[in-house]
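Nothing fancy with the numbering, it's 1 onward along the sequence. What you see below is based on every heavy atom in this structure, not just the backbone, and it leaves out hydrogens, waters and symmetry mates.
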Amino acid sequence: MTMSELERFASWVEDLIRQRGYDIDSPRGGGKSRLADDAGVHRAAITRLLQGQSMPDLETTRRLAHVLRVPVRDMLIRSGRLSEEDLPLPDLGGSAPGAAAPHRRLTLEEAAAGLGVPPDQWDMFIRVAAQFLPPADADSARSQADYGSAAAVKGAGKG
């Protein structure tokens with residue numbers, strides 16, 4: 001990793017930290033300490049990253065990704081440790097390799113399966129997750145849950 005890659009990554013993380021409401025600019029803001037506490041990492045790791053001195057280890061990266069609400073995949077790719085080819089996204093469209101897949105949102109059933117939610121808890125997962133969707137999408141998701149996810153459970157094993 002070159003210094004410019006580390007500096008780019010540090011700058012990206014710094015922007016994320018500010019976006020998430022951590023005051024890292026004022027000397028008494030306590031943002032670095034609060035972030036370190038929230039992530040369960042040592043404050044020095046945050047300081048070294050923000051100063052472009054060193055890349056956090058994998059566990060620190062994972063914890064920061066969680067607190068900053070960013071996929072670990074994005075953190076690893078942005079850090080330069082891995083590439084998009086190293087961490088491919090799953091093909092959700094069933095398209096041929098190399099073909100441009102049309103943009104498609106995950107269904108809540110697909111999300112439940114991908115997250116490892118036990119099938120007997122899918123109805124509850126769908127009802128809770130639907131609360132965070134735009135109204136039209138939420139209505140559709142709720143009607144699927146009302147219909148019962150037994151059909152979704154049957155279809156989840158198909159690939």
**Request:** Work out which heavy atom in Met75 is nearest to a heavy atom in Phe9; give both atom names and the distance.
**Result:** O-CE1, 3.5 Å
**Request:** Compare every heavy atom of Leu87 with every heavy atom of Arg73, then report the nearest pair and how far apart it is.
**Result:** NE-O, 2.6 Å
**Prompt:** Under 3.5 Å, side chain of Asp37 to main-chain N/O of Arg34, donor-acceptor pair present?
**Reply:** no
**Asked** If you take all heavy atoms of Leu35 and Val67, which pair is closest and at what distance?
**Response** CD1-CG1, 3.7 Å
**Side chains of Arg78 and Val13 in contact at under 4.5 Å (non-hydrogen atoms)** = no
**Message:** Return the CG to CG distance between Leu68 and Asp74, rounded to the nearest 0.5 Å.
**Reply:** 12.0 Å
**Asked** Could you state the interatomic distance from CD1 (Ile46) to NZ (Lys32), rounded to the nearest 0.5 Å?
**Response** 9.5 Å
**Side-chain (Thr61) to main-chain (Asp57) donor-acceptor, under 3.5 angstrom** = yes
**Request:** Kindly determine whether Trp12 and Ile17 satisfy side chain to side chain contact (heavy atoms under 4.5 Å, CB included), including the steps that lead there.
**Result:** CA-CA 9 Å; Trp12 177 73; Ile17 292 169; over 6 Å; no
**Message:** As an exercise, state the distance from CZ of Arg81 to CE of Met55, rounded to the nearest 0.5 Å.
**Reply:** 6.0 Å
**Request:** Look at Arg18 together with Asp23 and state whether they make a salt bridge at an N to O cut-off of under 4.0 Å.
**Result:** no
**Nearest atoms (heavy-atom pairs only) where Arg43 meets Ser33** = NE-OG, 3.0 Å
**Request:** Quick one: closest heavy-atom pair of Leu64 and Ala39, and the distance?
**Result:** CD2-CB, 4.1 Å
**Request:** Before giving the answer on side chain to side chain contact (heavy atoms under 4.5 Å, CB included), spell out for Met124 and Arg127 the whole-Å C-alpha distance, their side-chain angles and the decisive distance to 0.1 Å.
**Result:** CA-CA 5 Å; Met124 181 175 36; Arg127 290 179 198 281; 5.8 Å; no
**Message:** Evaluate Gln19 against Leu16 for side chain to side chain contact (heavy atoms under 4.5 Å, CB included), listing each step before the verdict.
**Reply:** CA-CA 5 Å; Gln19 290 170 13; Leu16 273 176; 3.9 Å; yes
**Request:** First locate atom OG of Ser79, then atom CG of Leu6, and finally report the distance between them rounded to the nearest 0.5 Å.
**Result:** 9.5 Å
**Message:** Hydrophobic clusters here meaning ILVMFWY residues chained together by side-chain heavy-atom distances under 4.5 Å, can you tell me if Val41 and Leu50 are in one?
**Reply:** yes
**Asked** Given side chains that start at C-beta, do those of Leu58 and Leu76 come closer than 4.5 Å, heavy atoms only?
**Response** yes
**Request:** Any chance you could lay out the side chain to side chain contact (heavy atoms under 4.5 Å, CB included) test for Gln53 and Thr47, step after step, and finish with the verdict?
**Result:** CA-CA 8 Å; Gln53 293 176 348; Thr47 300; 5.8 Å; no
**Message:** For Trp122 versus Glu109, what's the shortest heavy-atom pair and its separation?
**Reply:** CH2-O, 3.8 Å
**Asked** Are Tyr22 and Val70 grouped together when hydrophobic residues (ILVMFWY) are joined by side-chain heavy atoms under 4.5 angstrom apart?
**Response** yes
